[in-house]
Student: 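Sharing a structure with you now.
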Amino acid sequence: MENPADIGIIGLAVMGANLARNFASHGFRTAVYNRTPARTDAFLAQYGSEGTFRGSRTLSEFVASLARPRKIMLMIQAGAPVDACLGELVPLLEPGDIVMDGGNSFYKDTLRRGHELAAKRLHYLGVGISGGEEGALHGPSLMPGGDDAAWPVVKPLLTAIAARADGEPCCGWIGPEGAGHYVKMVHNGIEYADMQLIAEAYGYLRDRVGLGSAAIGEVFTKWSHGVLAGYLLDITGGIFKVRDSETGAPLVELILDAPGQKGTGRWTSETALELNVPTPTLTTAVLQRNLDADKAGRLRAAQLLAGPDEIDPLSPEDTGDIVDALESALYASKICAYAQGFELLKAAERQFGWRLDCGSIALLWRGGCIIRARFLGDIRKAYERNPQLENLMFDDFFRNALELEQDGWRLTVADGALSGTALPAMASALSYYDSRRRAAAPSNLIQAQRDCFGAHTFERIDRPRGQIFHQNWNL
Ligand code: 6PG
């Protein structure tokens, strides 16, 4: 075949289509295939003039249109569809060909598929892609992992289309097996926490401070120029400006408060539990989506369950201080959420032997992805100062920030509790902070109880670790 394609994309839903356009706009000859040929036709009709595309109506035609070793990116729904697609694709490939999965696949699936394809002398990569539709088109954050022999071959392609931050591409080799998708999963766990924390700030401003949507939007916009600067806060400020075309009301006020989820946040929490990494704030964000999704149940509970009797109103002249305290609570909680996410990254070394470079990952997330924020530059610096950093909160910059912000943080969480305004992720972050820094936990009592009812034994503080004791409690 003359002028074979540099890259092939399977799946032309919006992410796949935009990624194909991104490759083509960087001068790569791009082959495209979709299970429903009508979609390929529509894609070519709409975007065919943007670059050099080669559309195929069958998978074998698609495979034949690619330069060897073939480089194929799957942009299809995670789960069974990926296995089904591989089932058809793999028999058409030759040793040395490279298959990349750019979907939000569960890292354990990627690990399994990598082994299956390696047995056929094919290279498999799980490529975490973040940035939504816009990112896919103009520069996503890319987290490739898997068979490292394939990395030098696909590196020029992937780095060309990635976002850039501080002049560097937001794309770097993550590690073997499912490491790329593992890191994308943790990204999404953090994304859930970030979004939940912002939503809690919104709820507090609306229900406790009594601000209207326009004023709330202004608060978020103001914050988006400070330490909290980042994509999510940026779009949040903008969201409050959008009005419903029918009623003229701020559209956000008309949206049903029942959040959806596709499961990546849950995977993060399940993995954290499996690996014994405490990620309470990330998990609270998932639990809160579950709780909030049950609108009917909340409406029933609202009729049945009492809040505090007397709530001290907040005086309007204090609004400035209250909003500043809330900003502190948001920032400090965010630090805790990221500390939890990065601990989960480090745990991958213990569990899988993947040495994930936290500083480089912070750089990949600095641009292109949903959680991109100025703050990730500070995280990068923290890991540059100490690549072995045990917990992000222990770095001087973040330690000082937490110390500085904690008064406002405590005030906000306490006021939320006293006024009956739910701040679950902020409160969980504060408890995480306080329990992490507590030299003496109360869990000596738990050990005593376990030994009392189940002879589970305990260690003593005045004896070497590992020496086991049992008491006949005789109550
Ligand atoms: C990204 C997003 C992206 C997607 C999430 C949304 O990094 O670009 O995380 O992957 O928007 O899957 O997840 P939920 O539907 O679970 O909120």
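All figures in this text were calculated on a predicted structure; none of them were measured in a lab. Both ligands and their constituent atoms are indexed starting at 1 by order of listing. Nothing fancy with the numbering, it's 1 onward along the sequence.
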Student: Do the two ring centres, one from F43 and one from F53, sit under 6.0 Å apart?
Tutor: yes

Student: Would you mind running through ligand 1 and noting each atom that sits below 4.0 Å from a heavy atom of I370?
Tutor: 1 (C), 2 (C), 7 (O), 8 (O)

Student: Does the separation of the ring centres of F240 and Y202 fall below 6.0 angstrom?
Tutor: yes

Student: Tell me which protein heavy atom sits closest to atom 15 (O) of ligand 1, plus the residue, atom name and distance to 0.1 Å.
Tutor: K262 CG, 3.2 Å

Student: Are the side chain of N34 and the backbone N or O of T40 linked by a donor-acceptor pair below 3.5 Å?
Tutor: no

Student: Considering distance alone, does some N or O of N188 sit under 3.5 Å from an N or O of ligand 1?
Tutor: yes

Student: Just jot down the ligand 1 atoms closer than 4.0 angstrom to any heavy atom of H187, in number order.
Tutor: 7 (O)

Student: Have a look at I361 and tell me which of I379, L345, L376 forms a side-chain contact (heavy atoms from CB on, under 4.5 Å) with it.
Tutor: L345

Student: Please verify whether a non-hydrogen atom of R289 lies at under 4.0 Å from ligand 1.
Tutor: yes

Student: Give a yes or no on whether K120 atom NZ has more than 12 heavy-atom contacts from other residues, nucleotides or ligands under 6.0 Å away.
Tutor: no

Student: Using a 3.5 Å distance criterion without hydrogens, assess whether the side chain of D6 forms a donor-acceptor pair with backbone atoms of R29.
Tutor: yes

Student: Can you tell me which residue and heavy atom of the protein come closest to atom 7 (O) of ligand 1, and the distance to 0.1 Å?
Tutor: S130 OG, 2.4 Å

Student: To the nearest 0.1 Å, how far is atom 12 (O) of ligand 1 from its closest protein heavy atom, and which atom is that?
Tutor: N104 ND2, 3.2 Å

Student: Considering only the protein, which heavy-atom contact is closest to atom 9 (O) of ligand 1, and what is its distance?
Tutor: E191 OE1, 2.6 Å

Student: Distance to 0.1 Å, residue and atom name: give those for the protein heavy atom nearest to atom 16 (O) of ligand 1.
Tutor: Y192 OH, 2.4 Å

Student: Quick check: F398 with Y331 (ring centres under 6.0 Å apart)?
Tutor: no

Student: What do you reckon, does G132 put a non-hydrogen atom under 4.0 Å from ligand 1?
Tutor: yes

Student: Are any of the heavy atoms in G131 under 4.0 Å away from ligand 1?
Tutor: yes

